[in-house]
**Q** 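Please see the structure below; I have some questions.
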Amino acid sequence: MWDNISLLLGGPQGSGLESSAQVLSKAFARLGYGIFADREYFSNIKGRHSYIHMNVSSRRHPISLSYPVQILCAMDAETVFTHFQDVEENGVIVYDVSTLSTRSSTIPSIEPKLRERLKAYFSELGLSDTIQSLIRYLRSVKKIRFVGLDYPKILSEISQKFTLNPGQASRYLSSIIVGSVVGLTGLKLDAVGYALASRFAGRQQLIEHNLFIIEYVSETVREGFRILYELEPSKIGLEKMLVASGNDIVAMAKIVGGLRFQSYYPITPAADESFTLETFERLEVEGESLGSLIVTQTEDEIAAIASAIGASLSGVRSATSTSGPGFSLMVEALGYAGQIEAPVVITYYQRGAPSTGQPTRGGQSDLLFTLYASHGEFPRVVLSSGDHLEAFYDTILALNLSEKYNVPVIHLLDKFLANSIATTPLPEIRKVVIDRGKTVFEKPDFKRFDLSRPISLRAFLGSNTIQWAAGDEHDEFGHIDEDPLNRREMYEKRMKKIEIMDSEIPSENRCMFFGQDGVKLVMVGWGSVKGAALDAIEAMKAYGVRCGYLHLKMFSPFPTEYVKSILSKFRPENLVAVEHNYLAQASKLVTQNTGILVEKSIVKYTGRPIYVNELVRALNRVLEGERRVVLEYGA
Amino acid sequence: MWDNISLLLGGPQGSGLESSAQVLSKAFARLGYGIFADREYFSNIKGRHSYIHMNVSSRRHPISLSYPVQILCAMDAETVFTHFQDVEENGVIVYDVSTLSTRSSTIPSIEPKLRERLKAYFSELGLSDTIQSLIRYLRSVKKIRFVGLDYPKILSEISQKFTLNPGQASRYLSSIIVGSVVGLTGLKLDAVGYALASRFAGRQQLIEHNLFIIEYVSETVREGFRILYELEPSKIGLEKMLVASGNDIVAMAKIVGGLRFQSYYPITPAADESFTLETFERLEVEGESLGSLIVTQTEDEIAAIASAIGASLSGVRSATSTSGPGFSLMVEALGYAGQIEAPVVITYYQRGAPSTGQPTRGGQSDLLFTLYASHGEFPRVVLSSGDHLEAFYDTILALNLSEKYNVPVIHLLDKFLANSIATTPLPEIRKVVIDRGKTVFEKPDFKRFDLSRPISLRAFLGSNTIQWAAGDEHDEFGHIDEDPLNRREMYEKRMKKIEIMDSEIPSENRCMFFGQDGVKLVMVGWGSVKGAALDAIEAMKAYGVRCGYLHLKMFSPFPTEYVKSILSKFRPENLVAVEHNYLAQASKLVTQNTGILVEKSIVKYTGRPIYVNELVRALNRVLEGERRVVLEYGA
Amino acid sequence: MVRSPNDYRTDVWVDWCPGCGNYGILAALYKAFAELQLDPTNTVIVSGIGCSGKTPHFVKVNGIHTLHGRAIVFATGIKLANPTLTVLVHGGDGDLLGIGLGHFIALGRKNLDIKVMLHDNRVYGLTKGQASPTLSKGLKTKSLAQPNILSSLNPIALALVSGYTFVARGYSMLSEHLKNLIVAAIKHKGSAFIDILQPCVTYNDIHTPEYYRKRVYFLEEEGWSPKVEEGNEIDKMFNAIRKSFEVERIPIGIFYQNTFKQTLEESYGQRIPSYLKTLPPWQKILKDDGSPIFDDTLFEKMFNEYIVKVEKS
Amino acid sequence: MVRSPNDYRTDVWVDWCPGCGNYGILAALYKAFAELQLDPTNTVIVSGIGCSGKTPHFVKVNGIHTLHGRAIVFATGIKLANPTLTVLVHGGDGDLLGIGLGHFIALGRKNLDIKVMLHDNRVYGLTKGQASPTLSKGLKTKSLAQPNILSSLNPIALALVSGYTFVARGYSMLSEHLKNLIVAAIKHKGSAFIDILQPCVTYNDIHTPEYYRKRVYFLEEEGWSPKVEEGNEIDKMFNAIRKSFEVERIPIGIFYQNTFKQTLEESYGQRIPSYLKTLPPWQKILKDDGSPIFDDTLFEKMFNEYIVKVEKS
Ligand SMILES: Cc1ncc(C[n+]2csc(CCOP(=O)(O)OP(=O)(O)O)c2C)c(N)n1
Ligand SMILES: Cc1ncc(C[n+]2csc(CCOP(=O)(O)OP(=O)(O)O)c2C)c(N)n1
Ligand code: SF4
Ligand code: SF4
Ligand SMILES: [Mg+2]
Ligand SMILES: [Mg+2]
């Protein structure tokens, strides 16, 4: 019995893989298992290769991914060619026997570089470039086990049984994948039925057909191949779990946090969050309304942030959600929010950059940008989250801080988190606090930028006040003022908020250190590096090395004192930045703020997540003296 | 005889002050004197207070400004009220006797804060708030000398003599100011005539009228008041001088540097540069054309930078010119240029920020922004200039670097430089080099992003090549490519250019240290801090203290080794950042790159330049142990 | 208390050039506000950057002076979050038709109840007189280095094609007439646009009061009927477009008004019934103890679809 | 060498969805280029971001795939720096009429010789099917959470009002007809616009080939004459605007063509004679030794007004 299984499910974009992953996640969750699943796909709507990399655990909610996997389920030949090296010895590959004679050199969707590598690989081994020849080789040399199914035949049987046309039948291709996972893991059909019912609520026929194929395929697999990766019963012990993507959990948090206005311009990987929010716009629970949520698609990102700031001036909690190219356009208005001390939250999902970069891939290369974006100086909060639950609480924190300090808040997430599905315990709503800062509703001669208090009172437009605001330097009323001494006072008032926030925001919201006594090597990272780093700490124990991890969460105000107190205990050569960017940006900020150099780095910028296996290998290389290790695993 | 005189000329915006300054500058230059003149004005077209602060020297080209001044010439009562404290004991104030009964409390254009300060000042001294009462006080207590002229009377005399209507006559108000300077300094009328002829070339009547008033007023002053600030004959010894604003000298440099395309959207204080360029669009010298210069006003700044990048792809040297708010909008396209390795120059005039800030005031608060602007990582050059001549050569350097390394170059200047007029020797054109980088004009299967060479060859669109470009990650041809290993290679190829530039660009282009042996305190600064810092070094000798100045010019690639080699010789507490921003941004970059802390800072962010007098005082306070001194002198 | 035009004045010094057309606009605004007795606390002027952008500081109602070209989009958020506010946008021709052009047109698509006042002086005033998008090709106003090389836009036609439901032109020197237009625009429900001819005495030596005096005439006097009646929407629009291309004589008045189109607020209100019932700013989001209105139970109910009940084994 | 349509193909895999209307556009493009025998080295396709934005990678002429909404402004610089290039812009409806709307209209003011091809599928394809600015209010295509809440824009009318001198509509499934439009647009001198109806089979289940088959008809067959003759410019434009508001039946073909307006290149050429004589990229800016074409003497002559000759005392 296994306590952890990892799976790869691959196939062309647009063929139902995403919903397979959702169904499998919910099915496993139904049985109490923890899930973590990453989705990798091209910037393409249909036809290019995509895959799900999923970790299922009976002991915990998995927080990272690693290679090799036990099971690869391939919807097409491209998947086999792309991933055969990702499967462990003795692992299983499920494939379509009708593709046996397919050649890697003739699949048009395979990118030229991979095609070249495959060619080189095959020619080195003296193989022909067919699936058949590859299988033969893997079976004999790598001891991989193969489950060959005739997908077209299965689909045609379905068509006949339910009298579907071929187009309709092909939509069930992904269920063959689900069915084979069910067959190979012994996942209970009840659980799958539950998952289908939840995923396709109300579409009874669809559920039925799917369930039929899944059962049919799983039987075929079980009986025909007799391979079983049986998971031990779950020991996690939760009655309920949340199963959600990062995008979705942020949407839920915004609703809990009292969001009333979200503006956005579509962009990957942020747009799904707004879509989810829109489905909840009525804020209704059992027919009763808790308010209204305006979700508005604007003509561009400038309009998105400007209208969010406008809404905030009217007195609602407001946010916009975007990714790099969109944020680049928001920069001018960000500075305006800073200057007029307007609360606003920007949920920022990083993706492969620069420029259009890798729109559907991950990265963490926008940190320094967010810290200094927009001309001039003004206080801002830059807050990042390392996993789904952090993202939940941080989203609400972001809303609170923006209103409490009258500052723009940039909540930094990334594509890895946005698009990965994870099980988590339900967030503890009863621990959530809403802090709207100090407001005033009635005041003659209201001074919006009152210099007599460190954080000025805010009034809603439409309350019993009159207020002005200007991006120009202004007086206490908000009128333009060019007087040099007023300039100094206003400037200092704004900038002092950085110190105030630094003194008031608890350091545990800003930074966490994981590590016991005797730590030899400290990883310094942030965002979705967290999961891999924590699992690497465990894995490094096998090498007899105690590692630690400093998880940076808030970069502005930077937790200088706390970071200093931790890192100054170590020698610079025992500090290693682990980041999804080239420059090791967070470590630059550590140096800038504390003077402490982080001398080593492990970085990855292929657009794929950091896997525990490669991180562990890299840590060992660092221990052997390497200063910089660049990771590149993953298709 | 004086070797240096400083003057303040003040009056309402739109009343000809700017051209007075030009005339005076050229007149002094005609006699071989060096000039440095700063212009301060509101974001307003007509009516608010503006002034010129001018330094005239017989020994050198002045590089800084200082208070108090010897002479204040006031076009109106507001000028007297605003600047009376700026005049040294025994200094002179020229004013309009018809304003004697004007009260500070009734001048609507005086900003409320200043009005309050004046009120407090007068009431403390028990004065009434009229010009008359102020003059009486200053004459008796501060020993100020007054030159009272009846401006309306002078103008009406002019009207009569030349039969002008009152509207026309009022245009000569500023000549009263020029005339009084001529009277007080004994400036030769010939020189003034030369200057007028140059300023108003072809407008004979205007020249005549002006000259008449100037002569008339100067006679009146000389004879009526017998005050003479006579300058010793110039010892500078140049036959020719350039007299230009920063905007204009950059425009000249762009033309010399071979610019063929400039796109811009109007913004203060950048727009004048484009205006000047447009006047030279035919590139004609004595009827012969050296080419053509397209200067195009676009619909916004996004269009400005995008079309500049487009023009660069077609193979011309191209640039755009802007200020903070405009640059904030250019950020997305900046990243695109970085990603597709397109040369482009952005001439960036900083102004008071954040947001609309102080549109017509100065500042240096955009440094960190320019370094990290745009999502993701890509190489860029960030280069700043400290004075007019630096700006000239740096402009050409910027064009060269952009084409040599296929990178966007941000040339950082500021409002102080843009709007100040300085005399300089003529630039040495024969020392200028044009480097267009490596190009190719004919190549089948051209690989624009060839991985086999560190800097790929560039081809012009329209040459005998076909090329692609994409902001997405791409292959060597420029086609979209999501392969992880190609991603790594392309990413590294781009980023390696930072190292290549670092190794190839001489450090003297990037950083300069001014200071001899025995330096006790080192100022670290950049941009237009230079002049004040260098003059402060001289001034500090009077206190027996040797100071040094590290002038940072290039921030990317940062001259890490050179800066380390200089600064590591000093203790952190003897390093003092001198900057026009709150955070002391350049010093943060010093720390980030070298780990060296710059513990002290002298900063100013009122929007007015740093004056030598206040800098010297601040340095003394730092020597006494203060860690941070905030400057605020200047109206 | 009855408010007079003067009651809408602030004591900020108006620093426009003497003779500037903006004074007429400001006067009309004061008068319009007084005529409508607008509640200053419930009225918001949103402006861009330019001479025109300074307007809010001179008016004693809420004033949000935003970024160049972006007034409309800030106003959009303000209005959507609180649809009972009276929201006016003041912008220059560079502001609204240059850098902000995309937003100007997008507002037509929305028919959000915002009133856009274009201070149309055909130059970039505050940056010293460059050509604006309403300056015709070939003209060389005072401070241009070369004659304008770009063709001009027709703001009225653009507004009509974009979907504005109230489109008018006024002239700053005819302040009473302009006041009437402003009143009508504010009373109209939906996106309203007034192209206000505004002499810039400092930089525009072509479109002077003299220039306009000779050309301006009143649509009303020609018996123009701008109002859409059931069915003739398209015809009315075409006629108005056509009219807007007259240049030798310049018509002022209301070109077009359509009261049949749903506003964006109404559309949202239809979709989300509680939106217009309790305005978003006054909706409760937390309890008195600082906890959210959500508790664990409500959370589970609302997000049921994301919650998996683990099967007891 | 005579080039066939196939010669304009690259070997990049075309990764649009099977059945996508973009295939028809691509085919028409290949054919048009072959018909005109365009020199690939002298032709540039500039695109934005979207499914449409991928076009240049599939065509063997220069291809600059730029930013979302910005293709037109990159193209502007490309063309102004080298006015002999044939420059086409390909963009989506989100790209050109959403985020890029301001540039789209500004190009009309310029009448720069660039051809703009709108891949009009009424959705944001590459971001998974959100409503685009050409989707009508109230429609709910496949992947919308709610029916579209904004009104649509009329791209033809907008182009006309903005000053485009060639305005047409094509349909991607009528590739031969579309080819002819592209050829005509390229031959036209000035800013040209083709609104190409393009079914998005994945996300737009309303504007399907079926939908268009029923509605599309040819302007030419109605005897429509789009060409402006001396004096009737305004009439032609109004008629075209009016025509563009037909929705039940959808006209395709050339709506309007005006050959009397100067292009921006020509205007610059008039002002700066050397501009069109030696194209800017081929102008000499340095001598063989790397020094600039300027020397101290030329510098002094050119910038004489900034130079003061010191009076010998
Ligand atoms: C992003 C940005 N670009 C440029 C500017 C500079 N700027 C200030 S006012 C102005 C134009 C003013 O013209 P217009 O909008 O017509 O207003 P007017 O002054 O004529 O009323 C510009 C370009 C700015 N503030 N922000
Ligand atoms: C600044 C910016 N915002 C958003 C995006 C995300 N994005 C990619 S394609 C696209 C829209 C595509 O729609 P459309 O322009 O109609 O092109 P289509 O895919 O339909 O051809 C968007 C919004 C982006 N790339 N850049
Ligand atoms: S510059 Fe023109 S628009 Fe601006 S205030 Fe002066 S006259 Fe008015
Ligand atoms: S999503 Fe639509 S527009 Fe994009 S390729 Fe598929 S069918 Fe074509
Ligand atoms: Mg204007
Ligand atoms: Mg589209």
Side-chain angles (χ1 to χ4, degrees), chain B residues 26 29-32 191 198 233 238-244 248 252 256 258 260-261 263 281-282 285-286 289-292 294 296 299-300 302-303 306-311 313-317 332-333 336 429-430 432-435 460-471 479-480, chain D residues 10 12 40-42 44 46 49 54 56-57 60-67 70 73-82 84-85 102-103 106 268 271-275 278-281 283-286 290-296 298-303 305-311 313:
Chain B
K26 284 193 173 171
R30 173 68 170 170
L31 299 171
S198 160
L238 283 175
E239 283 175 25
K240 291 169 190 164
M241 286 185 193
L242 204 63
V243 184
D248 287 341
M252 294 181 226
V256 171
R260 289 295 173 269
F261 186 91
S263 45
E281 63 179 10
R282 287 162 163 255
V285 182
E286 296 175 348
S289 168
L290 301 173
S292 62
I294 299 293
T296 184
E299 59 270 26
D300 62 15
I302 297 177
S307 55
I309 295 169
L313 294 174
S314 283
V316 304
R317 292 205 142 181
E332 191 196 10
Y336 180 73
I429 306 301
R430 76 204 88 88
V432 168
V433 169
I434 306 275
D435 183 346
F460 300 173
L461 291 171
S463 67
N464 250 325
T465 56
I466 304 178
Q467 63 181 298
W468 289 270
H479 292 307
I480 300 174
Chain D
T10 60
V12 174
T41 67
N42 225 44
V44 191
V46 186
I49 300 286
K54 294 180 178 179
H57 300 288
K60 211 191 261 164
V61 303
N62 293 294
I64 311 295
H65 186 174
T66 70
L67 297 171
R70 314 301 169 192
V73 278
F74 282 96
T76 298
I78 289 171
K79 179 76 184 178
L80 275 178
N82 183 346
T84 61
L85 295 174
H103 308 307
Y268 271 114
R271 219 162 85 174
I272 316 171
S274 57
Y275 171 51
T278 311
L279 293 173
Q283 290 173 14
K284 227 173 125 91
I285 67 167
L286 72 167
S291 68
I293 51 170
F294 279 82
D295 55 18
D296 290 329
L298 272 176
F299 179 86
E300 286 183 42
K301 285 183 180 162
M302 174 83 83
F303 300 113
E305 64 192 273
Y306 295 99
I307 294 171
V308 168
K309 294 217 165 62
V310 176
E311 197 183 52
S313 50

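A note on names: the letters A, B, ... follow the listed sequences, proteins ahead of strands, and every chain is numbered from 1.
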**Q** Out of B:Ala308, B:Gly471, B:Ala333, B:Ser463, which one racks up the most heavy-atom pairs below 4.5 Å with chain D?
**A** B:Ser463
**Q** So for D:Tyr306, is it side chain, backbone, both, or neither that comes closer than 4.5 Å to the heavy atoms of chain B?
**A** both
**Q** Which bit of B:Arg30 comes within less than 4.5 Å of chain D, counting heavy atoms only: side chain, backbone, both or neither?
**A** both
**Q** Can you tell me how far apart CG (B:Leu290) and CE (D:Met302) are? Round to the nearest 0.5 Å.
**A** 5.0 Å
**Q** How many angstroms lie between atom CD1 of D:Ile293 and atom CD1 of B:Ile434, to the nearest 0.5 angstrom?
**A** 8.5 Å
**Q** Would you mind checking which part of B:Ala191 comes under 4.5 Å of any heavy atom in chain D, side chain (CB onward), backbone (N, CA, C, O), both or neither?
**A** neither
**Q** Can you classify the ring geometry of D:Tyr268 versus D:Tyr275 as parallel (below 30°), tilted (30 to 60°) or perpendicular (above 60°)?
**A** perpendicular
**Q** Minimum heavy-atom separation for D:Val73 and B:Ala303, please, with both atom names.
**A** CG1-CB, 3.2 Å
**Q** Say you draw a straight line from CZ of B:Arg282 to OG of D:Ser274; how long is it, rounded to the nearest 0.5 Å?
**A** 8.0 Å
**Q** Can you tell me how far apart CZ (B:Phe460) and CG (D:Leu85) are? Round to the nearest 0.5 Å.
**A** 12.5 Å
**Q** Heavy-atom distance under 4.5 Å to chain D: side chain of B:Ile466, backbone, both or neither?
**A** both
**Q** Quick one: CD1 on D:Ile64 to CD1 on B:Ile309, what's the gap to the nearest 0.5 Å?
**A** 11.0 Å
**Q** Does any backbone or side-chain atom of D:Thr10 lie under 4.5 Å from a heavy atom of chain B? Answer side chain, backbone, both or neither.
**A** side chain
**Q** How far apart are the closest heavy atoms of D:His103 and D:Arg70, and which atoms are they?
**A** NE2-NH1, 2.8 Å
**Q** Go through the atoms of B:Ala470 and report whether side chain, backbone, both or neither lie under 4.5 Å from a heavy atom of chain D.
**A** both
**Q** Under 4.5 Å from any heavy atom of chain D, what part of B:Asn464 do you find: side chain, backbone, both or neither?
**A** both
**Q** Give the minimum heavy-atom separation between D:Asn42 and D:Asn62, together with the two atoms involved.
**A** N-ND2, 4.3 Å
**Q** Measure distances from D:Val12 to the heavy atoms of chain B and classify the residue's part below 4.5 Å as side chain, backbone, both or neither.
**A** side chain
**Q** First locate atom CD of B:Gln467, then atom CG of B:Leu461, and finally report the distance between them rounded to the nearest 0.5 Å.
**A** 4.5 Å
**Q** Determine the option with the most heavy-atom pairs under 4.5 angstrom with chain D, choosing from B:Ala29, B:Ala306, B:Ser307.
**A** B:Ala306
**Q** Would you mind telling me which of B:Leu313, B:Ile294, B:Ile480 has the largest number of heavy-atom pairs within less than 4.5 Å of chain D?
**A** B:Ile294
**Q** Relative to chain B, which segment of D:Phe299 carries a heavy atom at a distance below 4.5 Å: side chain, backbone, both, or neither?
**A** side chain
**Q** Taking the side chain as C-beta and beyond, is there a heavy-atom pair between B:Glu332 and B:Ile302 under 4.5 Å?
**A** no
**Q** Is it the side chain or the backbone of B:Ser263 that comes within 4.5 Å of chain D heavy atoms, both, or neither?
**A** neither
**Q** Tell me, side chain or backbone of B:Glu286 under 4.5 Å from chain D's heavy atoms, or both, or neither?
**A** side chain
**Q** Could you have a look at D:Ile307, D:Asn82, D:Asp295 and say which one has the most heavy-atom pairs with chain B under 4.5 angstrom?
**A** D:Ile307
**Q** D:Lys60 versus chain B, heavy atoms under 4.5 Å apart: side chain, backbone, both or neither?
**A** both
**Q** Heavy-atom pairs under 4.5 Å with chain D: which of B:Leu238, B:Leu31, B:Val285 has the most?
**A** B:Val285
**Q** Looking only at heavy atoms and a cut-off of under 4.5 Å, which of B:Asp435, B:Asp300, B:Val433, B:Val243 has the most pairs with chain D?
**A** B:Val243
